[in-house]
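Right, one structure below, let's go through it.
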Amino acid sequence: MKRFLRSEAFQAVLVTVVAAGIGLVLALSLFGCGSKSGDAPEPLGPERFGYHYLPVAVTDDFTLEYADRGHFQRMKQAGDWVVSNLWKAWWDDPTTRRSLLDVIQFSHEYDLKLIVRLEDQSRYSNYPPEAGGPQPGDEAWFQAEWTPYVTELVQAGRGKTFAYQVWNEAWEPSRYMIGPTGGPITPAEYIQFLARTGDVIRSVDPDARVLNSALTSITETYYFDIAKTLLPGMLAYTDGFNFHIYQRPGDFSGWFNRNIARIAEIEHRSQGAPWYVTEANHIVAAASDADKFRVLLEMYDAVSWAGRTPECFLAFVYNDDAALKPWRIEGTDLERRILEAWGR
């Protein structure tokens, strides 16, 4: 954080804010942000850092790669956290279920705090027509398909999983979650779905933590407005507020100046609940590793200073996949920079 406060970018922010007559301290006090004392929060390090991990990856020749113990050993060198999508389709298929179980076991063996994402792709809006097309997330589905899947996964993860995330990016326009009536799920419908899924999870593991569907990037206007609608009603059914954050190209001082009030307002609405940032990166996949590393540090500092220091801050994405290749961190200069920064 100190590197950010001393940076030219931060000085530019102060100049811009003062010139606009806003008053940075007044804005932060108005929204009740996390760093009320003005003290610099703890710098990003391995105790809060981690990666998003793909339990099943598709290679360039369309073969499948499964969870690798070596990946978890290397990820542990960088941080104490991992988040992974353990999709229903992969759980239902015996071939891929083994890899999902390995994600749980390897995370446990290497003392990684695993956040499991619970999702059913057949309730994505872009589920392919040849596979039956998207279907409503109605009561019949919840009882016959969703509940058994959640129950079995939580049984497998009991004592080895830090938290269960109920869906991911439920309002992403390209693949939003289908609600009970067959249309996009509404915030009210999602809160009910979250509450009921949480009941299923805790019926198996009373000590389990439950997290909400992460919003694609909390500072984008569309997702920021959804967050305001969800909070604080959603907090009765979660053990924290989970979100993603990505930085768009351009000068960081401009990004920070545009979004500082939004971060502070989310902190105010989240009413002291812990924050979990389960994806973060540069929004441009082709950005240099140096820019991606800089962006990760800057966004963590901005979130911590204007809002609340997150319990975890997870970079997207660790392992290779044909569709996500430009984002891969394993074996890159970005991975090297992270390890060097942590003294590993």
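Just the heavy atoms: all of them, side chains too, but no hydrogens, waters or symmetry mates, feed the values below.
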message: I'd like to know if the side chain of Asn242 reaches the main chain of Ser213, judged simply by a donor and an acceptor atom lying under 3.5 Å from each other, with no hydrogens or angles considered.
response: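 Not a single qualifying donor-acceptor pair exists.
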
- prompt: Are any side-chain N or O atoms of Asp68 and backbone N or O atoms of Gly70, one a donor and one an acceptor, separated by less than 3.5 Å?
  reply: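 Yes; at least one donor-acceptor contact below 3.5 Å.
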
Is a salt bridge present between [X] and [Y], judged by a nitrogen-to-oxygen distance below 4.0 Å?
X      : Y      : value
Asp60  : Lys325 : yes
Asp239 : Arg202 : yes
Glu139 : Arg196 : yes
Arg97  : Asp93  : no
Arg69  : Glu109 : yes

query: Who are the ring pair (Phe, Tyr, Trp, His ring centres under 6.0 Å) partners of Phe49, not counting sequence neighbours?
result: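 Residues passing ring pair (Phe, Tyr, Trp, His ring centres under 6.0 Å) with Phe49: Tyr51, Trp342.
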
- request: Would you please name every residue forming a ring pair (Phe, Tyr, Trp, His ring centres under 6.0 Å) with His282, sequence neighbours left out?
  value: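 If we apply the ring pair (Phe, Tyr, Trp, His ring centres under 6.0 Å) test to His282, skipping adjacent residues, there are no hits.
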
Same apolar cluster (I L V M F W Y, side chains within < 4.5 Å links), Leu86/Val82: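 Yes: a chain of side-chain contacts under 4.5 Å links Leu86 to Val82.
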
field: Leu211 with Ile266, same ILVMFWY side-chain cluster at under 4.5 Å
entry: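 They do not share one cluster, since no chain of ILVMFWY contacts under 4.5 Å joins Leu211 to Ile266.
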
field: Co-members of the apolar cluster containing Leu324 [side chain, <4.5 Å]
entry: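 Hydrophobic cluster check, Leu324: joined to Leu54, Tyr246, Ile283, Val284, Phe316, Val317, Trp327.
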
message: Can you see whether Tyr66 has Arg98 sitting over its ring - NZ or CZ less than 6.0 Å from the centre and within 45° of the normal?
response: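 No.
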
message: Could you report the tightest heavy-atom contact between Pro136 and Thr181, atom names first, then the distance?
response: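 Closest approach of Pro136 to Thr181, heavy atoms only: CB-C, 4.4 Å.
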
- prompt: Looking at Ala67 and Asp102, what are the two nearest heavy atoms and their distance?
  reply: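 Closest pair (atom of Ala67, atom of Asp102, distance): CB-CB, 4.0 Å.
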
message: More than 12 heavy atoms of other residues, nucleotides or ligands under 6.0 Å from CZ of Phe224: yes or no?
response: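 More than 12 heavy atoms, drawn from other residues, nucleotides or ligands, come within 6.0 Å of this atom.
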
message: Looking only at side-chain N and O atoms, does Thr59 offer a donor or acceptor that is under 3.5 Å from a partner on Glu65?
response: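 Glu65 vs Thr59: no donor-acceptor pair found between side chains.
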
- request: Tell me, with the steps shown, if Tyr110 and Phe72 meet ring pair (Phe, Tyr, Trp, His ring centres under 6.0 Å).
  value: CA-CA 7 Å; Tyr110 288 99; Phe72 288 78; 7.3 Å; no

- prompt: Mind checking whether Val83 and Arg117 have side chains closer than 4.5 Å, heavy atoms only?
  reply: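 Yes, their side chains come closer than 4.5 Å.
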
- prompt: Would Trp171 and Tyr222 count as a close aromatic pair, with their ring centres under 6.0 Å?
  reply: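 No, too far apart.
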
